[in-house]
Engineer: 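Below are the structure tokens for one structure; questions will follow.
Only this structure's heavy atoms are used, side chains among them; waters, hydrogens and symmetry mates stay out. Remember, it's 1-based here, ligands and their atoms both numbered in the order they're listed.
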Amino acid sequence: MAAITLEKLAHSYSANPRGPSDYALKPIDITWRDGGAYALLGPSGCGKTTLLNIISGLVTPSEGRVLFDGKDVTNVSTERRNIAQVFQFPVVYDTMNVYDNLAFPLKNRGLSASAVDARVREIADMLDLTKDLDRRAARLTADAKQKISLGRGLVRSDTAAILFDEPLTVIDPQLKWELRAQLKQLHQKVGRTMIYVTHDQTEAMTFADTVVVMYDGGVVQVGPPVELFRRPAHTFVGYFIGSPGMNVLPARIDGKTAYIGADKIELRRAYPNLPAAKKIEIGVRPEDLTVSPGTDGLPIRIDRVDDVGRMRIVRARHEAVELNIVVPEETPIPVGRVTAVPVPERVHVYADGHIVEGAV
Ligand SMILES: Nc1ncnc2c1ncn2[C@@H]1O[C@H](COP(=O)(O)OP(=O)(O)OP(=O)(O)O)[C@@H](O)[C@H]1O
């Protein structure tokens, strides 16, 4: 096991990068603690795989260092980094049975037959593969093969970290739910540093204690799932996490008042030092707005109401800006002249996308 530190790390696939747009990874400084469960979350092309490949040693970063437990491994080969990796698609030996597939990484390390047997059975049990141990991998479904890949990643107890690159892509949606929860439990059981790459917020939030959100080659927020939800540090995080995402409205702030078009709302804090040249916005989650028949808040026009089961999503507009408001199933939605009223402490202020701390 190891703590992983990325020190002033950046990467360009171009030999002569001329500016930030030539970098697949913009400068990152981060430490992942020993035994932690992390997710790297972001849309396609934001640099997740590049970062994972730098950690595993498949890619050498153009700038900065990678440290395992404080030791510089930037130029150490993948094999010598002692990392286990689970990829999007199963990596199994079709001609071997499940038992031998799971045993292979251990036999390679020279473990005794009894130690191999105990560990293989333990991992098979965790992944519900015990009944398949004697079956040839070739005969199994894609789901079962991917479970073997997960097992092969987890089976060694001497790895510095286990990296997962979108490991549930080929898994049937029903089983995905199950495996997602299982992986979390497996992390608790094996206690290894795990880094899980995904573009799926549910997978990231279910698995990780700490989520690293990436956007356009940079890390925009690192935090526990609840913090990403409650206090998105960047409008992108607000938009990307949550369903529907955070509402973002252009605003002008004066003292504790936010002016939004012709209307205003009161804030909990004042923002005396907002940079004048930057784009100022407020962000508020659909869950933190209510539809009110009163006159407080922002006057809205309701376009439609989507019933999505245990809640409804009110699709509305304040002037030309679209707003989503989540209303619990049992709460009536007023009609006629209505306003959207935010929970004051859940309204965040952003300058050029980045959250600004207010003064009490
Ligand atoms: N070998 C390469 N050579 C040149 N550019 C690359 C290479 N690999 C990735 N890139 C570019 O680097 C950027 C980041 O890609 P990366 O694959 O790391 O993103 P990602 O978040 O993992 O995306 P995805 O989820 O689609 O795999 C993209 O613009 C991509 O086109």
Engineer: Between Asp143 and Asp172 (side chain of the first, backbone of the second, donor and acceptor by atom type, cut-off under 3.5 Å), is there such a pair?
Structural biologist: yes
Engineer: Mind checking what residues have non-hydrogen atoms under 4.0 angstrom from ligand 1?
Structural biologist: Tyr13, Ala24, Pro43, Ser44, Gly45, Cys46, Gly47, Lys48, Thr49, Thr50
Engineer: Short question: side chain of Arg312, backbone of Glu329 - any donor-acceptor pair under 3.5 Å?
Structural biologist: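 Looks like yes, one N/O pair under 3.5 Å.
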Engineer: Sequence neighbours excluded, which residues qualify as side-chain hydrogen bond (donor to acceptor under 3.5 Å, both in side chains) partners of Ser14?
Structural biologist: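 If we apply the side-chain hydrogen bond (donor to acceptor under 3.5 Å, both in side chains) test to Ser14, skipping adjacent residues, there are no hits.
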Engineer: Any Lys/Arg nitrogen of Lys107 or Asp100 sitting under 4.0 Å from an Asp/Glu carboxylate oxygen of the other?
Structural biologist: yes
Engineer: Is any NZ, NE, NH1 or NH2 atom of the basic residue among Asp158 and Arg109 found under 4.0 Å from an Asp or Glu carboxylate oxygen of the other?
Structural biologist: yes
Engineer: Ser157 and Arg119: side-chain donor and acceptor closer than 3.5 Å?
Structural biologist: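 No - no donor-acceptor pair under 3.5 Å links their side chains.
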